[in-house]
There are 2 protein chains.
Amino acid sequence: MGILERKEREKQEMRERILHTASQMFLEEGYDKTSIRGIAERIEYSPAAIYLYFKDKNEIFVAIHDRAFDLLFSKLAQANLEANPFARLCHMGGLFVGFALENPELYDLMFIMREPMDALCQREMDWDKGFRSFNFLRETLRECMEAGLMKPMDLDVAAVSVFSFVHGVTSLIIRGRFKMYPAEQHQALVEQSLQNMLELMRA
Amino acid sequence: MGILERKEREKQEMRERILHTASQMFLEEGYDKTSIRGIAERIEYSPAAIYLYFKDKNEIFVAIHDRAFDLLFSKLAQANLEANPFARLCHMGGLFVGFALENPELYDLMFIMREPMDALCQREMDWDKGFRSFNFLRETLRECMEAGLMKPMDLDVAAVSVFSFVHGVTSLIIRGRFKMYPAEQHQALVEQSLQNMLELMRA
DNA sequence: TTTTATTTATAAACACTGTTCAGTAATTTT
DNA sequence: AAAATTACTGAACAGTGTTTATAAATAAAA
């Protein structure tokens with residue numbers, strides 16, 4: 001019975017069309033301006049049709065959110081080329097900040113916006129995609145400490161500290177809280193701060 | 001002509017009523033659920049009346065935002081009791097995180113939400129209230145370095161680093177991105193990370 | 001004091017939003 | 001070909017921020 005499979009495939013294609021259009025609109029105009037009606041118009045379906053493929057607006061953004069985490073992880077994985085754990089850590093920091101500043105809307109969705117995380121909680125889903133990248137950081141830090149390349153400290157405290165720091169800088173920039181300094185200086189300040197922070201942790 | 005003054009006073013009183021109600025609703029239900037219609041109902045005026053006292057919804061939140069910064073600054077000022085600059089710095093860190101976790105909605109408005117900052121930019125207003133607290137941090141860091149209590153580093157890099165770090169931890173918690181650890185552990189992790197970070201900066 | 005002018009408040013509407021549901025059109029199964 | 005299932009839509013519901021013409025209240029001028 002290939003007919004059920006075709007139906008399933010068509011359903012997936014429709015989901016894909018919705019997701020693609022939503023992503024595009026989201027990256028162009030942001031969450032609020034990405035309306036169900038707007039998506040429907042672009043794919044030439046009625047607004048109600050979208051609800052046959054997604055439970056609600058947030059479910060669409062949970063899917064985009066999910067893919068963004070895959071993208072981040074694959075980017076961070078580039079740091080694996082670095083054999084030295086501390087060099088890898090530094091590389092990861094740069095890659096993370098790079099990802100954030102190159103994809104501010106995605107970063108926003110992943111680490112700042114309420115909606116996707118609220119939806120995940122309501123559906124009692126776990127955050128495995130997020131975990132994966134965090135654990136990568138954590139394991140790198142473990143290697144650093146085991147190799148004596150980093151000052152010894154509690155592993156979780158270290159992981160939280162590094163994550164908090166990079167998120168702090170990037171989210172302040174993305175949400176426009178860096179007005180103390182002119183925009184031209186931002187990138188330099190971010191890079192220097194990150195470098196300074198990592199240098200403080202080095203053994 | 002005391003009549004103009006009375007009118008002005010009445011206008012201010014009305015502004016105050018709107019602001020008070022909006023604050024209350026915002027702290028109870030959040031930004032989205034604080035509607036113009038809702039505020040109007042509580043103060044028993046028509047929705048349109050509010051527009052005679054505030055240009056739009058965001059202007060109300062800019063006012064709340066402004067007062068929140070006064071609150072933060074007066075809280076941070078408690079650290080002035082500490083004569084030793086490094087002890088003052090540590091104290092400030094604790095006070096900042098304390099403020100954030102005790103007033104998550106206000107913190108959100110001040111450092112995370114898009115709306116108030118967008119409104120400030122559109123109106124070409126500057127962020128002096130925010131500056132004030134940041135400069136307090138910056139000057140404390142200068143004192144620390146001048147007194148040789150802190151590792152020498154660029155002053156702005158240090159200020160950005162500390163601010164980014166504390167904002168990072170608090171905003172991750174407020175926006176629910178700390179799911180890697182159970183909620184009971186959060187406070188301890190935040191405090192330990194902050195302490196650890198400051199210890200790394202100590203000379 | 002009466003008339004004019006000004007300020008203050010409102011009802012109604014505009015253009016949106018996410019979402020639901022009854023009913024229709026298309027497709028598959030019997 | 002008829003019945004049953006699936007896919008889809010138009011219209012409506014209950015909201016949102018905001019604008020505007022209109023009415024009411026107040027102040028100033030005659």
Side-chain angles (χ1 to χ4, degrees), chain A residues 1-19 21-22 25-26 28-65 109 113-116 118-119 122-123, chain B residues 1-19 21-22 25-26 28-65 109 113-116 118-119 122-123:
Chain A
M1 281 283 159
I3 206 160
L4 279 172
E5 287 145 31
R6 195 208 66 198
K7 284 235 162 184
E8 180 56 29
R9 202 181 60 231
E10 281 175 358
K11 196 151 188 132
Q12 286 305 321
E13 278 169 12
M14 177 70 159
R15 264 183 77 95
E16 201 45 58
R17 287 230 298 291
I18 296 169
L19 236 46
T21 309
M25 289 182 75
F26 171 64
E28 284 167 8
E29 305 259 31
Y31 180 86
D32 284 335
K33 287 184 181 170
T34 304
S35 68
I36 298 288
R37 283 177 168 84
I39 298 169
E41 199 170 344
R42 285 215 203 180
I43 60 171
E44 294 177 291
Y45 272 74
S46 79
I50 289 172
Y51 289 85
L52 300 170
Y53 300 88
F54 292 93
K55 195 187 153 286
D56 55 30
K57 185 180 174 179
N58 281 339
E59 198 151 291
I60 299 174
F61 281 90
V62 167
I64 298 174
H65 173 269
L109 188 67
M113 284 179 54
R114 282 224 145 89
E115 289 82 356
D118 287 357
Q122 275 167 25
R123 267 138 253 209
Chain B
M1 282 280 160
I3 205 162
L4 279 172
E5 285 144 33
R6 196 209 62 198
K7 285 235 160 186
E8 180 57 29
R9 201 181 60 232
E10 281 175 355
K11 195 151 189 131
Q12 286 304 321
E13 279 169 10
M14 178 68 160
R15 265 184 76 95
E16 201 45 58
R17 286 229 300 292
I18 295 169
L19 237 45
T21 308
M25 291 182 73
F26 171 65
E28 284 168 7
E29 305 259 31
Y31 180 85
D32 284 335
K33 286 183 181 170
T34 305
S35 67
I36 298 287
R37 283 177 170 85
I39 298 168
E41 198 169 346
R42 284 214 203 181
I43 61 172
E44 292 177 295
Y45 272 75
S46 80
I50 291 173
Y51 289 85
L52 299 171
Y53 300 88
F54 294 92
K55 194 189 153 285
D56 55 31
K57 186 178 173 180
N58 283 337
E59 197 151 292
I60 299 174
F61 282 89
V62 167
I64 298 174
H65 172 269
L109 188 68
M113 283 179 54
R114 282 224 144 89
E115 290 82 355
D118 287 357
Q122 274 166 28
R123 266 138 256 208

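The structure presented is a predicted model; accordingly, all values stated were derived computationally and were not measured. The sequence lines fix the lettering, A, B, ..., with proteins before strands; numbering per chain opens at 1.
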Could you state the [atom1]-[atom2] distance from [X] to [N], rounded to the nearest angstrom?
X      : N      : atom1 : atom2 : result
B:E10  : D:dA25 : CD    : C1'   : 12 Å
B:K11  : C:dT6  : NZ    : C1'   : 12 Å
A:M14  : D:dT6  : CE    : P     : 17 Å
B:E115 : D:dT16 : CD    : C1'   : 14 Å
A:L52  : D:dT5  : CG    : P     : 18 Å
B:F61  : D:dG17 : CZ    : C1'   : 12 Å
A:R17  : D:dC8  : CZ    : C1'   : 13 Å

> NA contact type, B:Y53, heavy-atom cut-off 4.0 Å: base, sugar-phosphate, or nothing?
Replying inline: sugar-phosphate

Show the atom names and distances, to 0.1 Å, of all donor-acceptor pairs under 3.5 Å that link a side chain in residues 29-36 of chain A to residues at least two apart or in another chain.
| unit_1 | atom_1 | unit_2 | atom_2 | d |
| --- | --- | --- | --- | --- |
| A:Y31 | OH | A:N58 | OD1 | 2.6 |
| A:T34 | OG1 | A:F26 | N | 3.3 |
| A:T34 | OG1 | A:G30 | O | 2.7 |
| A:S35 | OG | A:G38 | N | 2.9 |

>> According to side chain to side chain contact (heavy atoms under 4.5 Å, CB included), who are the partners of B:E41, at least two apart in sequence or on a separate chain?
In response: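 For B:E41 there are no side chain to side chain contact (heavy atoms under 4.5 Å, CB included) partners, ignoring immediate neighbours.
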
> Just wondering, are more than 12 heavy atoms of other shown residues or ligands nearer than 6.0 Å to CD in B:E44?
Replying inline: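 No, because the 6.0 Å sphere around CD of B:E44 holds 12 heavy atoms or fewer from other groups.
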
>> Within the 4.0 Å limit for protein heavy atoms, which parts of nucleotides 12-21 of chain C are touched? Write it as a string from 5' to 3', B for base, S for sugar-phosphate only, - for none.
In response: -B---BBBBB

> Under 3.5 Å, is there a donor-acceptor pair between the side chain of B:R15 and the main chain of B:Y53?
Replying inline: yes

> What distance separates B:I18 CD1 from B:I43 CD1, expressed to the nearest 0.5 Å?
Replying inline: 4.5 Å

> Quick one: do B:E115 and B:K57 make a salt bridge, cutoff under 4.0 Å?
Replying inline: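 Result for this pair is no, no salt bridge flagged.
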
> Choosing from C:dT10, D:dA7, C:dT8, which nucleotide comes nearest the side chain of B:Y45?
Replying inline: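 Closest nucleotide to the B:Y45 side chain: C:dT10.
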
